[in-house]
2 protein chains.
Amino acid sequence: MGIKAQKSENKPREKRILEATARLLLRYGYDKMTMSDIAEEAGISKGAIYLHYDSKETLVDALITRQSIAYADDIMTLLEQDMDSWSFVTLYQLAMRLIPRYPLLIGLIRNNKNIFGTYFQRTALDMFHLKRRSRPEFLQLMQQAGVIRADLDLKLAAYTLDYMAYGLLTIEDIIPPEEAPPFEDVVNFFGEILEKTFTPPDGGNKEAGKAILMQLIAAYKAQLVAREETSDKE
Amino acid sequence: MGIKAQKSENKPREKRILEATARLLLRYGYDKMTMSDIAEEAGISKGAIYLHYDSKETLVDALITRQSIAYADDIMTLLEQDMDSWSFVTLYQLAMRLIPRYPLLIGLIRNNKNIFGTYFQRTALDMFHLKRRSRPEFLQLMQQAGVIRADLDLKLAAYTLDYMAYGLLTIEDIIPPEEAPPFEDVVNFFGEILEKTFTPPDGGNKEAGKAILMQLIAAYKAQLVAREETSDKE
DNA sequence: ATTTGACCAGAAATAAATAATCGGTCAAAC
DNA sequence: GTTTGACCGATTATTTATTTCTGGTCAAAT
């Protein structure tokens, strides 16, 4: 494992391949998008793609990993900006506010067959951290730090966060976006709900909570980066 | 319109047809379920079905209407029982608590193609009140009665109720039910969230709110019954 | 008056044969 | 060392012909 011929180090080209793939995935979907399409969109030859990735599948794997990292980065950046007004809720609010920047990740979470088609049958989905849900263990750390109400059942809280987030991402199947209130407002109210329901009245030790949080996100990102670096097949 | 040959008044048989249809819809789905299947399951001949319904489509229309009425009845019954401990939230909590009794209605709300298949292409979906979402106008009445916080943006509130309910009904696509907390707990917590977020601190005039509510549900049910009675095609 | 089930035409499924496409390779070009 | 694109086997799509099935009807039976 890992002694496969190493891949090209031509980073700019790699980036263009990934960007082309992202565009075409959204436009055509996994099954209709051909490797030739990608090459053309990226302005290179088909063979060049295989200088970077072993297969169509691993290419999409890499794209997803890349976007997950970017998403985590986005969240961390804005979390740091929000240093002063931070609460436990900020993380979830940011996660919702920023996810529209990554329609592919939305497609992943939603199991959008239009976008991913047979890719879902080929790849072990749960390898992606994204597919995993809010972990009660994480909430427990937050609770111990005092930024989540002590009397909250954490499995219930995690489940609630999950279905709210999922509902927010899928409700467009029922309500056309043009009938929806501004997304910004929806996310703000979402945060208000969490604040009123999950946060203890006194607010808890916000600094401690935030420290733990940043640590966890950094660990998560490190995990993603590690996967990106061992992207050669076994 | 309406001068079509009137249908059989054999109510017990009608009921058995509808029950058979409900079972087979869930087992086979609309497209795989044949009229002969239904006849056999109901223990009658195929022709007998057409003594009650003009087509497969109107049969399913009728079934949905029937179940919608039953659902509304269930809610009203339990609302009346809850006379004393009532709050604005009770309605939504009951609606969620009772909906699992009506898997077909869940399928409708979710646009479950497994169950309804091509039926969705044939029928104007929005004829079903169920498909319509929380109406801000309804919330406005509740707000005027004082059982909803005065400072709440009602379009936002309606949208939030919608995506929460939708998320609750669809999250099983992501989280297998056996990993979920007891549904009863989830619904209770759902109610707690609404209570904390939507209800004014003083609780408002609950009697007034409840009176309006019962009136609206009765009107809704009357509308459904009316449709059931004019179920002959134009 | 009711109820049935054989029957019909159109729709849908199946099968077979053929054509087109695509993921991936690698000798040749650069 | 890099990059390319013609090429290959396998999968997938298209076409055509054939068969089966199904929603709906109605003359006959009850």
Side-chain angles (χ1 to χ4, degrees), chain A residues 4-18 20-21 24-25 27-63 113-114 116-123 231-234, chain B residues 4-18 20-21 24-25 27-63 113-114 116-123 231-234:
Chain A
K4 202 69 174 296
Q6 53 252 33
K7 295 292 159 183
S8 167
E9 285 298 322
N10 187 336
K11 292 292 177 189
R13 186 173 59 189
E14 181 179 288
K15 193 180 170 204
R16 289 174 56 212
I17 293 173
L18 289 175
T21 305
L24 295 179
L25 256 186
R27 197 185 317 157
Y28 297 143
Y30 183 82
D31 293 319
K32 290 292 177 192
M33 170 189 76
T34 74
M35 296 304 271
S36 302
D37 288 338
I38 298 173
E40 192 184 1
E41 177 86 9
I44 58 173
S45 75
K46 187 164 62 143
I49 299 176
Y50 289 91
L51 298 176
H52 291 267
Y53 304 100
D54 288 333
S55 68
K56 187 181 184 181
E57 203 178 318
T58 58
L59 165 57
V60 173
D61 289 349
L63 174 62
K113 264 211 129 199
N114 257 356
F116 288 104
T118 60
Y119 175 76
F120 282 140
Q121 293 148 24
R122 296 164 199 264
T123 304
S231 65
D232 33 357
K233 308 288 273 293
E234 65 165 23
Chain B
K4 202 67 174 294
Q6 52 251 33
K7 295 293 159 184
S8 168
E9 286 297 323
N10 188 336
K11 291 293 177 188
R13 185 172 61 188
E14 180 179 287
K15 194 178 170 206
R16 290 175 54 213
I17 293 173
L18 289 175
T21 305
L24 296 179
L25 257 186
R27 196 185 316 157
Y28 298 144
Y30 183 82
D31 294 319
K32 290 291 178 193
M33 169 188 76
T34 74
M35 297 303 271
S36 301
D37 288 338
I38 298 173
E40 192 183 2
E41 176 86 9
I44 58 173
S45 74
K46 190 164 60 143
I49 299 176
Y50 289 90
L51 299 176
H52 292 268
Y53 304 101
D54 287 333
S55 67
K56 188 180 183 182
E57 202 178 319
T58 57
L59 165 57
V60 173
D61 289 350
L63 174 63
K113 265 210 128 202
N114 258 354
F116 288 103
T118 60
Y119 175 76
F120 282 141
Q121 293 147 25
R122 296 164 200 264
T123 304
S231 65
D232 35 357
K233 308 288 272 294
E234 65 165 22

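Side-chain atoms are counted along with the backbone in the values below, which use heavy atoms only and exclude waters and symmetry mates. Bear in mind that the values here come from a model prediction, so they are computed numbers and not experimental data. The chains referred to below are lettered A, B, ... by the order of the sequence lines, with proteins before strands, and numbering in each begins at 1.
Inter-residue side-chain proximity for B:Thr21 and B:Met33 is flagged as met; some heavy-atom pair is nearer than 4.5 Å. Looking at heavy atoms from C-beta onward, A:Asp31 lies out of side-chain contact with A:Tyr119 at the 4.5 angstrom threshold. Here the side chains of A:Lys56 and A:Leu59 are not in contact, with every heavy-atom distance at 4.5 Å or above. Residues B:Leu24 and B:Arg27 are in side-chain contact: their nearest non-hydrogen atoms beyond the backbone lie under 4.5 Å apart.
B:His52 pairs in a side-chain contact (heavy atoms from CB on, under 4.5 Å) with only one of the listed residues (B:Ile44, B:Leu18, B:Thr58, B:Asn10), which is B:Asn10.
Comparing D:dT4, D:dT25, C:dT4 by their closest approach to the side chain of B:Tyr50 singles out D:dT25. Nearest nucleotide to the side chain of B:Lys56, out of C:dA13, D:dG24, D:dT4: D:dG24. Side-chain atoms of A:Met35 lie closest to C:dG23 of the nucleotides D:dT4, C:dG23, D:dG23. Here the nucleotide nearest the side chain of B:Lys46, chosen from C:dG23, C:dT4, D:dG23, is D:dG23.
Rounding to whole angstrom units, CD1 of residue B:Ile44 and P of C:dT4 are separated by 7 Å. As a whole-Å value, the separation of A:Glu40 CD from C:dG23 P is 14 Å. Atom-to-atom, CD1 of A:Ile49 to C1' of C:dT25 comes out at 14 Å; the value is rounded to the nearest Å. One interatomic measurement links the two molecules: OH of A:Tyr30 to P of C:dC22, which rounds to 14 Å at whole-angstrom precision. Rounded to whole Å, the distance from CG on A:Leu51 to P on D:dT4 is 8 Å. Nucleotide D:dC21 holds its C1' atom 13 Å from the CG atom of B:Asp31, rounded to whole Å. The CG atom of A:Asn10 sits 14 Å away from the C1' atom of D:dT4 (whole-angstrom rounding). Between B:Glu14 atom CD and C:dT3 atom C1' the separation is 17 Å, expressed in whole Å.
Remark on DNA chain C: of its neighbouring residues A:Lys32 and A:Gly47, the 5'-side contact belongs to A:Lys32, judged by nearest-heavy-atom nucleotide. Nearest-nucleotide assignment on DNA chain C puts the 5′-proximal partner with B:Gly43, out of A:Asp37 and B:Gly43.
An OP1 or OP2 oxygen of D:dT3 is reached within less than 4.0 angstrom by a side-chain nitrogen or oxygen of A:Arg13.
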